[in-house]
Amino acid sequence: MKNMIIFSTFILLFQVALYNCNAEKCDLKGKWKNELGSNMTISETDKNGYFLGSYLTAVTTHTNVEIKKSPISGVMVHSSQPIFAFHVKWTFSDSITTFTGQCFVDSSGERLETMWLLKATARSSDDNWASTRVGSNVFRRLI
Ligand code: BTN
């Protein structure tokens, strides 16, 4: 009886280990596109979770500006579905956007579910509210 219990415990532990090995991992690295049509590329993350990248937005708050690729700087917490935060310092605009979110992977694929806050330069603190926007974006992997 005792041997049976030990054997069953080993089988259970083996199955748990096997499940964890096969569990899908969401990887931030690569090319992504959101529902607005914006594209971004995220580079390899270092051992501390820091990464760089580039962002080409499909939309802008400005009229008559030429949209240009802008740099991303971010950090993530290593896990199978990592949380992350990054900012984009727009090269063609006087604004910065911060994104924070989580990388999910399931039957509908890999995606980054984010919320963002955009801050443009206000002329005075009275205009501060008008120079701040918030929203959300979902990014899907480009193959
Ligand atoms: C600006 O217009 O001042 C800079 C570009 C801002 C683009 C925003 S950031 C949040 C949202 N998601 C996108 O992909 N683009 C817009």
Side-chain angles (χ1 to χ4, degrees), residues 4-143:
M4 192 68 178
I5 292 171
I6 292 172
F7 181 71
S8 305
T9 308
F10 268 119
I11 294 290
L12 190 69
L13 288 175
F14 181 71
Q15 282 175 337
V16 169
L18 204 64
Y19 175 81
N20 285 335
C21 285
N22 289 338
E24 281 189 280
K25 193 172 183 320
C26 197
D27 188 7
L28 279 186
K29 186 185 166 192
K31 293 183 186 304
W32 301 89
K33 190 183 197 100
N34 70 19
E35 69 277 25
L36 298 171
S38 301
N39 287 280
M40 71 168 173
T41 303
I42 294 180
S43 67
E44 196 94 53
T45 55
D46 72 15
K47 68 176 190 327
N48 296 316
Y50 290 91
F51 61 84
L52 298 173
S54 62
Y55 200 110
L56 186 62
T57 180
V59 297
T60 173
T61 55
H62 295 276
T63 45
N64 298 327
V65 292
E66 188 194 342
I67 291 176
K68 293 192 178 121
K69 224 179 232 185
S70 300
I72 288 177
S73 174
V75 65
M76 49 107 53
V77 177
H78 288 290
S79 81
S80 58
Q81 298 197 111
I83 55 164
F84 57 85
F86 64 83
H87 63 257
V88 186
K89 157 77 176 71
W90 303 105
T91 52
F92 59 91
S93 167
D94 58 352
S95 59
I96 292 173
T97 306
T98 59
F99 289 79
T100 187
Q102 186 164 0
C103 189
F104 290 107
V105 57
D106 55 29
S107 54
S108 66
E110 255 180 318
R111 66 195 178 280
L112 308 178
E113 294 188 11
T114 69
M115 293 210 59
W116 53 262
L117 189 144
L118 181 154
K119 181 70 181 78
T121 308
R123 258 181 285 162
S124 74
S125 100
D126 290 343
D127 296 339
N128 204 22
W129 66 271
S131 61
T132 310
R133 294 172 187 233
V134 290
S136 61
N137 284 142
V138 177
F139 295 81
R140 295 193 180 273
R141 187 178 287 287
L142 282 177
I143 308 155

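One-based numbering, in listed order, for ligands and for the atoms of each. One is the number of the first residue; the rest follow in order along the sequence.
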The test is side chain to side chain contact (heavy atoms under 4.5 Å, CB included); show your working for Val138 and Phe104 and say whether it passes.
CA-CA 10 Å; Val138 177; Phe104 290 107; over 6 Å; no
Test side-chain hydrogen bond (donor to acceptor under 3.5 Å, both in side chains) applied to Ser70 and Lys89, step by step
CA-CA 6 Å; Ser70 300; Lys89 157 77 176 71; over 6 Å; no
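When every heavy atom of Asn137 is checked against every heavy atom of Phe139, the shortest pair comes out as CB-CE1, 3.7 Å.
Contact annotation for Val88 and ligand 1: no heavy atom of the residue comes within less than 4.0 Å of the ligand. In Asp94, neither the side chain nor the backbone holds a heavy atom less than 4.0 Å from any atom of ligand 1. Counting heavy atoms closer than 4.0 Å to ligand 1, residue Leu36 contributes side-chain atoms (C-beta onward) but none from N, CA, C or O.
In terms of polar-atom proximity, Thr97 is not counted as a contact of ligand 1, lacking any N or O under 3.5 Å from an N or O of the ligand. Considering backbone and side-chain atoms together, Ser93 places an N or O closer than 3.5 Å to an N or O of ligand 1.
Atoms of ligand 1 found under 4.0 Å from any heavy atom of His62 (numbered from 1 in listed order, with element): 2 (O), 3 (O). Within ligand 1, the atoms closer than 4.0 Å to a non-hydrogen atom of Ser38 are 13 (C), 14 (O), 15 (N), numbered from 1 in the order shown. For ligand 1, the atoms lying closer than 4.0 Å to a non-hydrogen atom of Thr60 are 1 (C), 2 (O). Against a heavy-atom cut-off of under 4.0 Å, Ser95 is close to the following atoms of ligand 1: 1 (C), 3 (O), 4 (C).
Taking the side chain to side chain donor-acceptor pair (under 3.5 Å) definition, one finds that Ser108 meets it with Asp106, Arg111, sequence neighbours left out.
Taking atom 16 (C) of ligand 1 as the reference point, the nearest protein heavy-atom neighbour is Val59 CG2, 3.7 Å. Counting protein heavy atoms only, atom 13 (C) of ligand 1 is closest to Tyr55 OH, 3.4 Å. Summary of contacts: the protein heavy atom closest to atom 8 (C) of ligand 1 is Leu118 CD1, 4.1 Å. Of all protein heavy atoms, the one lying nearest to atom 7 (C) of ligand 1 is Thr57 OG1, 3.4 Å. Protein heavy atom nearest atom 12 (N) of ligand 1, with residue, atom name and distance: Asn137 OD1, 2.8 Å.
Using the six-membered ring where Trp is involved, Phe51 and Phe86 have ring planes that are perpendicular, over 60° apart on the 30 and 60° scheme.
With Asn34 as the fixed residue, the side chain to side chain contact (heavy atoms under 4.5 Å, CB included) test singles out one of Tyr55, Phe99, Trp116: Tyr55.
In this structure, His87 NE2 and Leu117 CG are separated by 13.5 Å, a value rounded to the nearest 0.5 Å. In this structure, OG on Ser79 lies 7.0 Å from NZ on Lys25, to the nearest 0.5 angstrom.
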